[in-house]
K.L.:
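Quick one: structure below, then a few questions.
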Amino acid sequence: MKAQTLRIWNRQYLAPALISAIITLFITLFISYEQAEQHKQLQQRDLKTKARQLSEWLDINYSIINNVLIDLEKLSNQCSEEILFDMRSIMFNVAPVVEMGIIDADGQLICTSWKKHEKPIFVTPPPSQLGLRFLGPVNVEYMKQPAFVLARSLKQGGEVNALVRISWLKNQLQNRSSELGFTGLIHSDTGRPIIMNGPYARPQSGLKLPIDQPKVVEAEFNNGLEQVAAYSPLITFPELSVVISDEKQIIFGDQRNLSIQGIALCLSVWFLLTLLFQYLIVYLSDSAHLLKKAIKHGEFFNLYQPLIKASDKQIMGVEVLMRWQHPAEGLKNPVTFIPEAEEKGFINKMTSQQLKNCYDELRPILLSHPDFIVTINISSNHLLDAKSVRELIHYKTLIPNLVLEVTEDVLVDGEDDRIQKAFIKLTAASIEIAIDDFGTGYCGLHYLGQLPVKYLKADKCFIASIGTDSINSHILEMIVSLAKKLDLITIAEGVETPHQVAHLDKLGIEIHQGWHYSRAIPAHELLQLIKISEQRSKRDIEIEEEATC
Ligand code: C2E
Ligand code: CA
Ligand code: CA
């Protein structure tokens, strides 16, 4: 009992809870993964935007410087007071510029925004290529600090240039990138760093050079760390790119922690799934649902137990017994499902299927032996339903010796109007009745005279008592004598031993049924059995005839 309670508890509560937990876990993992991916993409986009904004900011500054250099370029390559003044006002107005200079065609720095060089300083001769270019970082003569040089060559030879303090650039870059691990400027073609904030590292894979468009790379870097980097080339100097990078964990954050809301959601999902599974289990294991499904899928089938004629021990008929080939529990005996089927109102449909199967399977015997008895167990539900009664009458035309086995309590129910009407219809159709398990229930014996009862099936318990001194052994004798007086045929059920056979023969019981002769068997085995028994009796007759000759 304890084990069964535990099994029910496991099936009804533990299993749904576990299955729901596993499903919830999968859902949570899936959602977390999706969220992490989304978050990652957002962070990558964010990093790319930051890099692009930085490159745009640099572009704006370089464009401004370019414009002032163009203005200066128009003036002259001389170092007049006027030009000196212009250069200083540029410095004053354009924040990043710390120094301006003019180089003549021979590569001599003749003038800076500080002063005119009486003794020009020899620097690299300017190239003839026009347009904005950069140089550096170079050390500024006066401040002894590195600077980034933006220069434009003059048509008449020489160049004008503006120096941007590297430390200022560095600070700006870092402040504008929320101080991530590394921010800097690199060569787009080679990846070589020019301005660095933080330790610079390159991805081991995934970065295609030259960098010609904004991109994000997530990879293992050559410092051995898993990092993410965003690259954005400048428009003013495509050969330069802004880089922002940091460790993956810092950029994406720690995704492993579930929020309180997440935990609450998981628990709710788990709880709802558990309820759903519990409901499904209860619904699916509901006997009504199972029986209905079994009828639909034809899981009920017939076995036939031979009825043996006592005088010659030949098969003279069968009792049709039902079995259930349950998809999960295997073969089930009728005592485990018939009462439920009667209670839930499925027995009529099952008996109807049984009759059809019976006719289909026994047709060869019925054709060759029209007097072959076929007894079928009928419950009171069946008799209460007019349609089922009509069906029985129909089958009587197909199975000429169809006998209905009813128990004594059904006869007691006979007081119900509908059952009485059913019996009247059955009598009119000449359908005979066998009283099943006779002697075990209450029966007002007066019904025996009113109904088309032809057989009394003495219950197994009376046959089992043969050879004992119990009261049942006397009851069996009384049943036999009652049947004889009422001109009824007695069938002994549950005949298991030769000793019982001998005793039943002595009592003059006409029909035997029991394992001594055969268990309930499928139709094909029954057909085989009948064939063998007929061959044997034919041979016996022949031997007998030969002996008398
Ligand atoms: P029942 O109508 O009294 O059927 C006889 C039962 O005794 C059968 O059990 C049969 O297999 C068993 N039996 C036969 N010979 C022997 C024997 O020598 N020794 C012993 N110990 N038992 C023997 P089964 O097939 O398990 O059926 C049990 C009960 O289920 C039946 O008792 C009947 O009340 C019910 N049942 C079986 N099939 C149907 C059916 O198709 N419709 C209805 N309404 N009830 C059925
Ligand atoms: Ca029976
Ligand atoms: Ca019986």
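Every number for a ligand or one of its atoms is a count from 1 in the order of the listing.
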K.L.:
Is atom 32 (O) of ligand 1 less than 4.0 angstrom from at least one protein heavy atom?
P.N.:
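No, there is no protein heavy atom closer to it than 4.0 Å.
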K.L.:
How about Phe300 and Phe337: are their ring centres within less than 6.0 Å of each other?
P.N.:
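Ring-ring flag for Phe300/Phe337: true, centres closer than 6.0 Å.
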K.L.:
Report yes or no: do Trp515 and Glu496 form a side-chain donor-acceptor pair below 3.5 Å?
P.N.:
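Their side chains do not contain a donor-acceptor pair, so the 3.5 Å distance test is not met.
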K.L.:
Got a protein heavy atom sitting under 4.0 Å from atom 41 (O) of ligand 1?
P.N.:
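It does: a protein heavy atom is found less than 4.0 Å away from atom 41 (O) of ligand 1.
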K.L.:
For ligand 1, which is the ligand I care about here, please tell me if His516 has any N or O atom under 3.5 Å from one of the ligand's N or O atoms.
P.N.:
no
K.L.:
Below a 4.0 angstrom heavy-atom separation, can you tell me which part of Arg519, side chain or backbone, both or neither, approaches ligand 1?
P.N.:
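Neither part.
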K.L.:
Apply side chain to side chain donor-acceptor pair (under 3.5 Å) to Gln325 and Lys332, showing your working.
P.N.:
CA-CA 6 Å; Gln325 191 59 53; Lys332 290 186 75 158; over 6 Å; no
K.L.:
When you look for heavy atoms under 4.0 Å from ligand 1, do you find them on the side chain of Thr351, its backbone, both, or neither?
P.N.:
neither
K.L.:
Please table the atom pairs, donor to acceptor, closer than 3.5 Å between any side-chain atom in residues 479-491 and protein atoms at least two apart or in another chain.
P.N.:
from, atom 1, to, atom 2, distance (Å)
Ser481, OG, Met478, O, 3.4
Lys484, NZ, Leu507, O, 3.1

K.L.:
Tell me the nearest of Lys460, Lys332, Glu319, Glu342 to atom 7 (O) of ligand 1, using heavy-atom distances.
P.N.:
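Looking at heavy atoms only, Lys460 sits closest to atom 7 (O) of ligand 1.
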K.L.:
For ligand 1, which is the ligand I care about here, please tell me if Gln513 has any N or O atom under 3.5 Å from one of the ligand's N or O atoms.
P.N.:
no
K.L.:
What protein heavy atom lies closest to atom 23 (C) of ligand 1? Include the residue and the distance to one decimal.
P.N.:
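Checking every protein heavy atom, the shortest distance to atom 23 (C) of ligand 1 gives Trp515 NE1, 3.3 Å.
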K.L.:
Name the option, out of Asn333, Leu321, Asn302, Val320, that contains the heavy atom nearest to atom 10 (C) of ligand 1.
P.N.:
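Ranked by closest heavy atom to atom 10 (C) of ligand 1, first place is Leu321.
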K.L.:
Listing by chain and number, what protein N/O/S atoms are under 3.0 Å from the Ca ion (ligand 2)?
P.N.:
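Short answer, with waters excluded from the count: Glu319 OE2, Asn377 OD1, Glu405 OE1, Asp436 OD2.
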K.L.:
Should the proximity of Gln305 to ligand 1, defined as any heavy atom under 4.0 Å, be assigned to the side chain, the backbone, both, or neither?
P.N.:
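Contact part for Gln305 vs ligand 1: side chain (C-beta onward).
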K.L.:
For Lys344 and Ser287, which I'm curious about, is there any donor-acceptor pair between the side chains at under 3.5 Å?
P.N.:
yes
K.L.:
Before giving the answer on side chain to side chain donor-acceptor pair (under 3.5 Å), spell out for Gln354 and Asn377 the whole-Å C-alpha distance, their side-chain angles and the decisive distance to 0.1 Å.
P.N.:
CA-CA 10 Å; Gln354 187 185 38; Asn377 294 282; over 6 Å; no
K.L.:
Please tell me whether Asn348 and Glu391 have a donor and an acceptor in their side chains that are separated by less than 3.5 angstrom.
P.N.:
no
K.L.:
We want to know whether Tyr517 and Gln305 form a side-chain donor-acceptor pair, criterion being a heavy-atom distance below 3.5 angstrom.
P.N.:
no
K.L.:
Side chain, backbone, both or neither: which part of Leu303 comes within less than 4.0 Å of ligand 1 when only heavy atoms are counted?
P.N.:
neither
K.L.:
So, Glu534 versus His369: side-chain donor-acceptor pair below 3.5 Å or not?
P.N.:
yes
K.L.:
Does the side chain of Asn357 pick up a donor-acceptor pair with the side chain of Tyr359 at under 3.5 Å?
P.N.:
no
